[in-house]
Every structure is written in C-alpha cells, then in structure tokens.
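Only this structure's heavy atoms are used, side chains among them; waters, hydrogens and symmetry mates stay out. Chain A is the first sequence line, chain B the second, and so forth, proteins listed ahead of strands; every chain is numbered from 1.
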Amino acid sequence: MARELFRFKGGVHPPDHKAESNARPIHAAPIPRQLVIPVRQHIGNPAKPVVDVGDTVRTGQLIAAADGTISAAVHASSSGTVVAVEPRVLPHASGLPDLCIVIDTDGRDEWVERTPLDYRAMPAADLRMKLRDMGLAGLGGAVFPSAVKLDAGPAQICPLLILNGGECEPWITCDDVLMRHHADDIMRGAAIMRHLLGSTEVLVGIEDNKPEALAAMREAAARLEFAVEVVAVPSVYPGGGAKQMIETLTGRQVPSGKLSTDIGIQVFNVGTAHALARAVLHGEPMIERLVTVTGHVLRPQNFRVRIGTPMQTLIDLAGDREGATGVLMGGPMMGLVMPNSHVPVVKATNCILVQSRELFPAPPAALPCIRCTRCADVCPAELQPQELFRFAKAGDFGRAQEYHLFDCIECGCCTYVCPSHIPLVAYYRYGKSEIWAREREKRAADLARERHEFRQFRLEREKVEKAAKLAAKAAAARAQAAQDQARRVAPATDAPATATPDAAAGGTGEADAKKAIIAAALARAQAKKAQSAPKNTGQLSPEQQRAIDEIEARRAKIRELARKPLESETENP
Amino acid sequence: MISLHEIQTLFRNGLDKQNAGLVQLLGLCPLLAISNTVVNALSLGLATTLVMVAASGAVSGVRNFVPHEIRIPVFVLIIAALVTVIDLAMNAWVHPLYLVLGIFIPLITTNCIVLARADAFASKNRPLHSAVDAFAMGLGLTSVLVVLGAVRELAGQGTLFSGVDLVFGAAAKDWVLHVLPHYQGFLLAVLPPGAFIALGLLIAAHNWRSARATKRAQLPMAPPASA
Amino acid sequence: MTDTSAPGRDSVTRIMAWVLGALVPGIAAHVWLFGPAILITLALATVTAVAAEAAMLRARGYPLRPFLFDLSAVVTAWLLALSLPPLAPWWLIVTGVLAAIVVAKHLYGGLGQNIFNPAMVGYAVLIVSFPAQMTQWAGPLELTGTSLTLNESATLIFGGELPRARLDAVTMATPLDTLRTGLLQQLTVDETLRQPIFGTLGGVGFEWLAVAFWVGGLILWARRIIGWQVPMAFLAGIVLAAGLLHFADAGRYGSPLFHFFAPSVALAAFFIATDPVSGATTPRGKLIFGFGAGVLTIVIRTWGGFPDGVAFAILLMNLAVPLIDQTTQPRIYGETRTGREPRA
Amino acid sequence: MLTAIGVMVLLAGVIGVALGWSAVRLKVEGNPLAEKIDAILPQTQCGQCGFPGCKPYAEAIARGEADINQCPPGGEDGVKQLAELLGVEPKPLDGEHGVPKPKSVAFIDEQTCIGCTLCIQACPVDAIVGAAKQMHTIIASECTGCELCLPPCPVDCIAMIEIREDLPHWKWRYPQIQLKRVA
Amino acid sequence: MKPALRNAVRTGAVLLVFALAGTALLALTHERTDPIIAQSRQAEKIALLNQVFPAARYDNDLLASQQRVPASDLLGTRQPSALWIARQGGRFAGVVLEAVAPDGYSGNIALLIGIDADGTITGVRVTAHRETPGLGDYIDRAKSAWADQFTGASLLAPADRGWNVKKDGGHFDARAGATITPRAVVKAVKRALDYYARHRAAWAGQEPPTP
C-alpha cells in the first residue's frame, strides 16, 4: 500500500467545513412543480431543442439533441408538459438569460423506456455516441462532455485511469457522500471507463480527510475482478484539480497546452463514473445529480436533485434561515455568485452555498499590491500571480498572455493568501474574457478585410468585363450600321439585279433573322435569370449557406403564415 | 513676409507647447549638466539659441539645393561649422566663461534640438520663419535652463548669479545675490542627480499646468459650439 | 463584483507590524550600546513620516484610514532612523523622511508603486547632500564610557549646542570609517584592527547591534514574513566579495567576518533588501537581487566615495529589478525546461 | 590648413557619392507601415474617415496625409494604438468624422423591403444577400455595422440594431476597487 | 548615364560644395582667433601660477622657465611633472612645483605649490581632485580658504611633529568627519618641501636663460 506520493507546488489549507453536511444521509429532493432546463449546461455547442411548446414529455425523454461532437444532449428530468422554450436567467455569474426548456411536471414521473446497454458488445464509437445522446458530462465542475474524454485518441489506449475523489473545496461534500453510499456504482462506472480507454491501471485518489469514503471505496474495490488501488492523498487545496491529482499520484505534470491523455492518463470525477454506470447499466440519461446544500441553512446536507430544480426549493428543504446574503454555486474558492436563488440546478451544480455575514464577512478593502509574492508561493499552476495582476489591471493583455494567463486554473489560492485582499482571480477572469473578446474582434476584422478586398477585386473585374462588353456592343453596332448603309445603298443602285436572287436569299435571310431573334430572346431570358439569381452566393462557406438556408426557411414560414389567415378568412364567412 | 499671428504661434510652440526641455525632452545632456547656476545656464542657453538661429536660417536658405538623401550630412556639416566658429569665438573673447562651459559648447553640435529643428522645420520653411522658429525654440530651452539653474543654485548654495564675474569680469562679483545668507547648502541640488530631480519637478509642473489649461478650455467650449 | 474566494487572515498591516516588532531587539541594543538618543530620532522620524503620508494621501485624493493603518510609513521611518547617526540633527531626520515618503514613495505612486526603497532613497539623499553630518557617529558606550542622557540628546538634536569637549567625548568614527582611514594611512588591516574600536567580530558595540538585528531577522524568517532567499543571497554576496578581496590581499582588505558583523549589513539583509515592493519577485530573481546587492555593497565600500555602500547597492539593484524579474521567470506547471512543448 | 580642407572636401565627396548611389539602389519597395496601420483599423470599411475603406485611410496616414483621429469605429482606443505605433501624441477623435457608437448590425425589415438591390451594391463587405425583386437579408456575422446601406435604401427598411450582450459573448467586468476618492 | 550613377554624382557634388564652404569658414575663423586664444591660455596659466607665487616677487618670464622633472616619490608623481623657477633681478627667487597627494579619500589630489628662496611656502592650490563633495572637497580654494593655512609655513615652522592635522597632534586644521583628505594634502606638502630642500641648490645655481 505504500505508494509513493508527490507533492504538487503551492496550495493552501483553508478550513474545510465538511462536517456540517457530510454526516446526514442523502435525501432525494421532491420533484418541483416546474423544471427549467437550460440547453447550455456543458462546455461546447449548446444542445438543440427538439420539443415544442405544448408537447408532453416523459422522464428521461430527449428534449434537446447534442449538436456536434463536443456537445451533450439534454433530457426531461421528469414527466410533464413543455410550457415554454425561451431564454431564462441561468446559474451563471453574468445573470444573463439563455435558452431553456420549461416543463410543468405532472407529478407522475413516468419514465421513457430504459434500455441498459451491453457495453462490452458494442463498438466503442457507437457507445460514445450513445453516451453523448444520454447527456453524459463531467460532474466535477468543468462539465466537459464525457463522450469526448472517453476517446483515448488514435492510440485507442490510455494506460492509466484515475478516479478523482479529491473534493478539496471547503464546504462541498457531494462526492464524499456519493463514495460513502454508492461506491459500488462508482466502481462499475470505472469498469466501463477502463473498457473504453483500454486502461491497465486504475487509481482512485481520495483525500485523507474522508476516512469513511476511503473505507467504502476500498471495500468496493476489493469486490472487483480487476485491480483498483484506492490511494489516500494529503488534503491540500486544490489537490482535487485533475492536474494536481495526476501529479500527486504519479509525479508527472501534464505538459502545458496538452491533454492528460497525451501522457496516457485520463481523470474522471467519481460522480461522473456513477452517472456513467447509471446510464450504461440502467439506461438512465443524466437527469439528476447530488448537490450539497450548506452554509447558512438549518440542516446542511446532500440531496439527489433533478436537473432544472430551482435552487430555492433545495434551500427551503435544508431549512432557510434569516440573514442570507447571497448564494454561491460551488465552493467559496471557485464558486460563482448566483444572480438569484431561483435559478435552476444544472449538471455543474455540485454545491449550493448560502452565504451570510457571519460565515462570509465582506472582505476588507483591497490595498495596493506590495509584491510580497505569497500568491506565487501558493499558485499550483506555478505562475507569477502578482505580475499577471499588474498586466491585467493595466490592460496589458499581450504581456499577461506571455506570462501564461491562460494556464491559470482560477483556483483562488492567490486571493486567499493576498495580504492586500486583492480579488486577484476577478482580474484574471476579466483579462481572459477581454483577450477572447479581442480575438473575436480581430477575427471579425480580418474577415471584413478579406471580404472587402474580394469585393474590390470583383468590382474591378466586373468593370473590366462591362467595358469589354460595351466595346463589343459598340463594335457590333458600328458593323450593323455599316451593313445597313451598304444595304441602303445597294438596293438603290442595284435593285432589279438583286431582285431574283433576293427571293432565294430572302428565304435564308429570313430564317437567319428569325434565328437571331430567338437567340436574342433566349439570351435576354438567360440574362434575366442570371440577374434574378441570388447574388453573392459564389463565395459562401457551409456555415453561411446554413445561415441563409435558415433565413429562407423562416421566410417560407412567414409567407405561409401570411397566407394562412387569408385562407381562413375566406373560409369563414 | 511673416505675419504677427505666425510669430505668435511659433513663440507659443517654442516656449510652451513644444518646449524642447519640458515637452520634447531634446538636448537633455547639456540641460542637465550645465544648469547648476543661473549664469552657466543662461550662457549655454544663449549660445545654443545663437547656433540654432544661424543654423536654421542657413539650412532654410539652402534647403532647395540639398537632395533629400544627403540632407542630414549637410545639416550636420552646417551646424558643426557654426558651432566650431562660436566655440573659437568664445574661446578667444570670453575665455573665463569658456573654461566653465568647456566641452558643452562643441557638444551643441550633437544637441538634438538643433538638428531636430533644422530637419523638422527649417528644411520645409522659409528662412525668416525658420530663424524665428529657431529663436523661439532656443528661447524656450534657455528659459527652462535658467529656471532649472535658478532652482538648483538657490536650493544648492542659496545664491543667484554666482559666477557672473566670469562673463562680465571681476567687477561683476558684487552682483551675486546671496538670497539665503548662512545657508548650509543642499548639495544634492548642485550635483547631477539634483538636475534630474529638478527637471522632473519642472516637467511635472508644466504637465499639471497644461492639463489644467485643457480642462479649462474644454469646459466653456461646449456651449458656443451649439450656439 | 465580488471575488468569491475567502481571503485568509493575513494583512499588510500585520506584516508591517511584525517588521516593526522584529526591529525592537535592534532598538533595544541601540539604546543599550549608544544611549537613548535613538529613541528621539525614531519618534521624530515616525511623526514626520505619518504626517507626510497623511498629507500626500490627502493631496492625491486617497482615503487616510486604510493607508495610514497599513504602517508602511512607520516601517520606512524606523528603517531610515536606524540607518542615521544617532545624534543627527532634527532637520537631517526630517529631510530624510520627507525625501523617503514624499519623493520616493508618493511621487512614484504610493505603496506598491515605488521602484526604489524609500528608506534608502532618504538615506542616499542625506549622505550625498550632508556627508559631514552623516558621519558623526556616537561612539559605543563601552569605549567612551559615557553617553548623552535623553535630555542632552534632545538638546543636541533639536539645535541646541553642547560643549565641544562633551561632544568629542561621545562621537567617533564608525569601525568602517576607521578601517578605511587606517588603510589609506598605509596601515595594514591587522594594524588598523588593533585600534580600540574593533571588537572580536566587528566594531565594539556595533557587533552586538548586528546580533540584535540578526535576532529580529530570524524572527521574521520564522514567521514567514520574509523568505530565506534575499537575506542569504545578500550575506553570501557580502562574504564572497569580501572574502575574495581579503584572500587576494589580506593586508589591504578587511575580512569577510568584519563586514558580516557590520550592523548595516544585518539591517539591510533582513529588513531593507527584503522590502517586497522594490525587490525582485521570482525565486531566482530574489537570489540575484540579494547577491548583487551584497557584492555591490562591498565594491562601493572598497572603492566608492562614501563610507558605506549598502544604500547605493540596494538602490542600484532596485533599478535592475524589472530586468531581473523578466529574465528569471520560473518554469510554470507543465512547462519543460527548454520551453513549451509543441502543441499536439 | 590646406590639408584639412582637402581631407574634408574629399571625404564629403566620397560620402555624398555613396549616399546618392545607395539612395537609388537600396530603396525599399512597398509600405510596411501602411499594413501595420491597417491591422489596427477596425475594418468597418465605413468611409467615415473620408477615404474609401480602411486600407486607403491607412495608406494616407502612412504618407502623412491624414490624421490619426478620423476613425470613429476604432474609438479612442484605436487612436491610442495608432499614436503608439507612429510615436505621436494621442488626440481626441475628430468630431467632423462622426462619433463612436455602440457596435451594431444592420437589420432589414422584410415586410418593407422591395428588393431593389441598392443596399447590396452599397455593402462594402458583401454581407447582404438577395436578388432583384426579392427580399434581402443581412448575414449578421459579416455585417460590420458601417451604415453604408442605410442611405441608398428607397423605403428605409434597414435599421441598425445594437449588439446586445449574450451568454457566449459575455465578459467578466473589471473588478471595481474604490480606493481613490471620486473627484 | 544610369540613374544611380547620376544621382551619386549629384549628391557627391553638393556635399563637396558644402564641405568646402564649411571648412573655408572654419579656416577663416581659426586664422582670426588663434593668436587671441593662445594669449588667453598664457594669461590663464600665469594667473594660476601667480596664485601660489605672487607676481610681485619675480620679474622673469615664469612660463618660459618651465622645466620637466622626472617622477619622484617625494612629489608623489608617477610621471614626469613640471616646475617653474622664479627669479628676481636674475637671482633665484623661488619655485613652483607640481605635486600629487596619492592617498586622498578617492585617489590622487593634484597640487601646485609655490616655495620661495627661503623655503617658505608662498601658496598651495589643489588643481584636481575627486574627493567626496561636501565632505573632503573643502581643500579646494573654490570651496574654502583651508589651503591658505600653508602660506608662510616651512620645514621648520611648524616643526617636524607639527606637519600633521590637529587630530593627530599637528598644527593644521581639519574638519571633523573628514580627516583623510587634509591628512593626505599636509603630507604631500611636507614631502614637496623635502623635495625642495634636496634640489634647491641645483635650481639656485642655474644660470638664468639668456633672453
């Protein structure tokens, strides 16, 4: 058992506040009257709604389909009627609305037919497609579509699989209680992952402040037919980060800008393994998850919650208290401030942390940075946070990128130790989104430049062509005029002489003229056709074509709609 | 020839808006090195002004004969010749002062402000304009030098116009003003670092003043525009 | 917008308070060895610094409370006061503190923005402008046998005069000065060191002052207020440079031990060079910064125009900090030594 | 004395010849500066600067014929970048060329559009599709918001719609720390 | 002609003309000012010598009497230096020596020392030094009258022990906190007197140069 462990650089030891919520058993939260299910719950493309207002849906029914490879489907968390497909406020720091499917539940919770999958018999690619359509996404926080992560790449093998039971953020205990009570399901999920990734070694990393979870997982591991090593790792924040867990267990670092699979390691949260087992072995899509409700509530505990349940419902279940000052989704270090307490639980919601003045006093006023480098000492990404702060603050984003701003994992260790109480992570988030916005703007500018230059080129070409055409026309007209004149002159001088051949020639001449007229008409028609053909369609990319198609489809619909009332009007009287 | 308005503009640029010492920060080497007393500062400032006026006038006069690609060598040639003439003249006729200003007279040749005005202004304008511009610029530099010299001399040794006898002979010794009698002396002001600090403070004051001026100018600008 | 992560308990005020606390052994030793004059200097410097800080904050439109209570102005005042001769006249103290707080700190943008160590700027301004007053050190009690009382000190500091004999009785050149003088008189180091002012390790009295600063420094290190890099590198720079010179010609250059136990070295190593604002920030940068300051100190002491070189050495290294920081960026997580792995 | 004059004159002659020769032979073709300026400009192609497009304006700046403050879509930020590139003092935008507006895209009211194609001809980036006597549509992702399509439209069916922030385009705000008294 | 060549000839010619004009101007100015400058230099030198050896006490052309002397430990010199011999009515009246105090706080201090025929100092001036400003630079006559206290001194007055700063029990003042510099100067002056004593006979015996 004496596995050599490695200490990653940096990290802090905040008070863990786990005991508040991890002692109580898991409660299944009742299904609320209304579910609000966002189509954008994961990283990648948002799912596309496949239901309309008025449709009745059953529990586990697909309501929005995955769009592209990096995407995941969304399912009805309970049976009922779709009452709206519209933007609603999301559990997101922005407080902006985004497309959600709203279901009024009927309380019957009637499931669609659930078919377990025989994963051993299926081709891996098919299984992954299936998982994508079952909405599998990582439950550790990043919500990356699991199907993508279960692809071991061209090599089709990923020797080391790590189950991440490191729940390092204070207050959160949903993984802890999941491991205590559902260790076997987690291990079954691990078996499926091992199958898909072709892993030869499976490690489970759990922090040593969760002895019950460690014991339960070890027991479950002993019951397996393959070897799983459950390793107790030191409790250091952010030791539960995937990269930190890898370093703790193997001593290896994921190269900057690469994926862990590039060094033959894949990491999954234990919750994801559990959801995977439910999906494959029971045919249940991802419609629920464990959520810790803690902080300023009467009975902090973990709930099994249907996706789309309003957070306030859970807070009420845990015992709402006077004096709440706000709600965080996630822990105190990395959590996001919720715009209100009525936003729905999503796949990423591991914890609802109710704040109060006593538990989370307002931070003292920020003072200037004194460059004490305590932040650098605790930064697990081994960055120089004080420099990043300086650049982000000054708007020097180029330098910030040079100093690896994008390697920042926003763990909040720097903010935690800063003696000047500077909200450092807020500056990094600001810097990152500014850089992204600038890149978007730059791409747009490049596109505009390119299109403008193409247009200039096209206009130039058209001008040349037009000039050539005009010149040709003028030449033809001159020739015609010369011919006419010749004709006018010829009959006058030589009329009788040409009279006889004229009949013969007239026949052919007439035919020629007719032919010419027809040709001209054809040409005109063709030209007209060409004119009325859509312009600017030569240089369209597939996306643009798609956008146009959509517009056309909408127009057709509008036309139809415009016709319909007329028809009905004519029918009615 | 040259309108009053043009002269005003040139002087406003030279003395304030485009001031060589405070805004363009050109010619700092002599500015910092020689501004430890008012007399030194004034003498070097006037010498520089003289060179600038002569050089700008000459450059402007020949500007139409000089091909673009050799304009810099020609300008430098003109400036160097003029400076050397002034150097020799000072050496001959105001020898004591020459001893104090020493190497800074020949260094006027490399003073960027002279070449900068020759290239930026004189090579594009008529001789009279160029001479006036050079005079204004030189005066601007001189005024900064004198202020700097006064500040440093006063702070450093508590006097004004010390060394005036070097220019006007021993009889002028009594002209020195002992503003702060029994002054301990603040050596830093006289030493080179003091020059940097004093110039920094002067630039700060100038920036503050022009910032305030623009603020003032902006406020009443809006209503007349709409009227 | 709130950043959600909960800040820990440490604060700038606590850090500064620890620094002040760690100076107490040094101050106590100072009183013990040189008489109570230092207390007057400290008090005057503190009052001036706080007043100047408040005035500048007000002029720049900043709130007074958080910035005055961060104690950084008091730290600057104490460090400068401890670098001055104990019997320095009041105007010298006030000028130095004003140069430190007004020029070096606030004209550069206030706390966190000052590229130079304010206390050392104050010291440099004083030694350049008033070298004569800055070399009037009180002799250690052990040698003079008498020291000025608090009353006498106050009289002297605030412009009153003392009988010349009384003054001569208590002032003498510092050991560093004496060594320099001796060497210039063609005496060898050994001959010079036989003079009474030299003790076993450094100067009589001075060596104990150094030890007291060491104690304070080690407290700061144990409390993680300062890292080990800068003090160790600084001392290494001192010992190495002095050792090389001493090894090359023991007759002309003082021993590393002597330099090591100069109070200014101990004060600089633990309290001044470790100033985070004006120092280097990367781990390797801190080593270079400290080492460079140490070597420069010896170089300036040996060949410079002023008796001690610590202040100038640190100011010079302050200048080099941006360059040092930029060129010593540490490897980040997942980055190979030779640079980033090419993207797959 | 004569030698000095001789040496100087000889030197001057040689250097003059060398400079004159190299000025012709070593001339650099093209204008890399204009390209750098063009890269800063927003590529709206709106012509508010008085030039037919961003590139002509960039070339004019490079030649010193246009000032840096004539591009309202680039905003004060753009002026600042240009000033930095050219090493001159930044100045406020010239109001004669318009004022910066929030970023918008054109939107065609399809009920009113008569399909005259005039806007298609006006669009500098070919972001309008459609045909004669059919309704036109704007490809929003390619519209630069230049407003050049507004004046030619005979029925005023084009409106500029401000781009609202949505989730994918949302940005974290600059952390507000109130240290300094607000004057 | 090729365009490059044509351009080259044109620019070459223009620059040549300007060089010619410029150099001619300089040549002219030089012609005019050269004698005046030479005069000024002489006057300057003689003024300096007169500071340490009053003009009233000699009647020869002091500048013309310049001699080169080899480097000497007593003068503190490492290179040959100059001395000037003053005569009154053809008789030896004194000498002006260049000496160096090598042990200043920051290196060499260059001195000019005038000694009359009796071996009494007529004046001492520091001509070059790098002493700390405000601390050791009061030896410079421009800063203080400190150097004047040597005037009238000789090897006998003060006596041997007296050739020291007061702090070391000698006769000469020194400011507190800066004794290294004056110490060095006092010693250098003393050694120059020794040098004088050793060579006086040779200088006095020399014939005055015939005019």
Side-chain angles (χ1 to χ4, degrees), chain A residues 8-10 12 14 93 170 243 247 253-259 262 326 328 330-337 360 362-365 367-374 376-377 379-384 386-387 403-404 407 411-427, chain C residues 1-16 18 62-63 65-67 69-70 72 75 109-115 224-227 229-230 274-283 285-286 321-322 325-326 328-336 339-344:
Chain A
F8 64 90
K9 202 185 151 286
V12 291
K243 288 178 171 180
E247 187 169 1
Q253 291 192 341
V254 180
S256 180
K258 285 196 164 189
L259 299 172
D262 292 332
L328 289 183
M333 305 292 284
M334 294 184 74
L336 300 172
V337 180
F360 298 91
L367 288 172
C369 169
I370 57 165
R371 290 158 51 85
C372 64
T373 67
R374 287 169 180 224
D377 294 340
C379 180
E382 301 173 40
L383 303 172
Q384 296 286 302
Q386 78 282 0
E387 304 282 16
Y403 278 66
H404 313 291
D407 283 276
C411 64
C413 288
C414 47
T415 311
Y416 182 74
V417 298
C418 180
S420 291
H421 310 303
I422 300 169
L424 290 161
V425 175
Y427 281 95
Chain C
M1 175 84 43
T2 51
D3 200 83
T4 52
S5 54
R9 275 164 302 168
D10 231 339
S11 69
V12 174
T13 309
R14 258 174 62 91
I15 293 177
M16 296 292 173
W18 269 106
Y62 281 86
R65 245 187 94 81
F67 286 97
F69 280 84
D70 71 19
S72 61
V75 169
L111 179 68
Q113 302 291 316
N114 47 304
I115 56 171
R224 310 270 159 194
I225 304 288
I226 59 172
Q229 288 102 331
V230 174
T274 50
D275 168 31
V277 177
S278 54
T281 55
T282 63
K286 284 176 182 168
V321 159
D325 274 351
Q326 210 174 341
T328 57
Q329 279 304 305
R331 185 196 75 95
I332 69 155
Y333 176 97
E335 201 180 35
T336 51
R340 286 197 152 203
E341 295 245 347
R343 278 184 181 273

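The choice from Ile225(C), Ile15(C), Thr13(C) that makes the most heavy-atom pairs within less than 4.5 Å of chain A is Ile15(C).
Interatomic distance, CZ of Arg331(C) versus CD of Gln253(A), reported as 4.5 Å (0.5 Å rounding). Taken from CG in Asp325(C) to CD in Gln384(A), the straight-line distance is 7.5 Å, to the nearest 0.5 Å. One distance of note links SG of Cys369(A) with CG of Leu111(C); it measures 9.0 Å at 0.5 Å rounding. The distance from atom CG of Asp70(C) to atom CD1 of Ile370(A), rounded to the nearest 0.5 Å, is 8.5 Å. To the nearest 0.5 Å, atoms OG1 (Thr373(A)) and CD (Gln229(C)) are separated by 8.0 Å. The distance from atom NZ of Lys9(A) to atom CD1 of Ile332(C), rounded to the nearest 0.5 Å, is 11.5 Å.
Minimum interatomic distance between His421(A) and Ser11(C) (heavy atoms only, all atoms of both residues): NE2-CB, 3.7 Å. Pairing each heavy atom of Cys372(A) with each of Pro276(C), the nearest pair is CA-CB, 3.7 Å.
With salt bridges taken as basic N to acidic carboxylate O contacts below 4.0 Å, one links Asp10(C) and Arg374(A).
Heavy-atom distances place no part of Pro14(A) under 4.5 Å from chain C, backbone and side chain included. Both the backbone and the side chain of Thr282(C) come within contact range of chain A, judged by heavy atoms closer than 4.5 Å. Only the side chain of Tyr403(A) comes within contact range of chain C, with heavy atoms under 4.5 Å apart. With a 4.5 Å cut-off on non-hydrogen atoms, Lys243(A) touches chain C through its backbone and its side chain both.
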Show your working on side-chain contact (heavy atoms from CB on, under 4.5 Å) between Tyr333(C) and Leu383(A) and close with a plain yes or no. CA-CA 8 Å; Tyr333(C) 176 97; Leu383(A) 303 172; over 6 Å; no
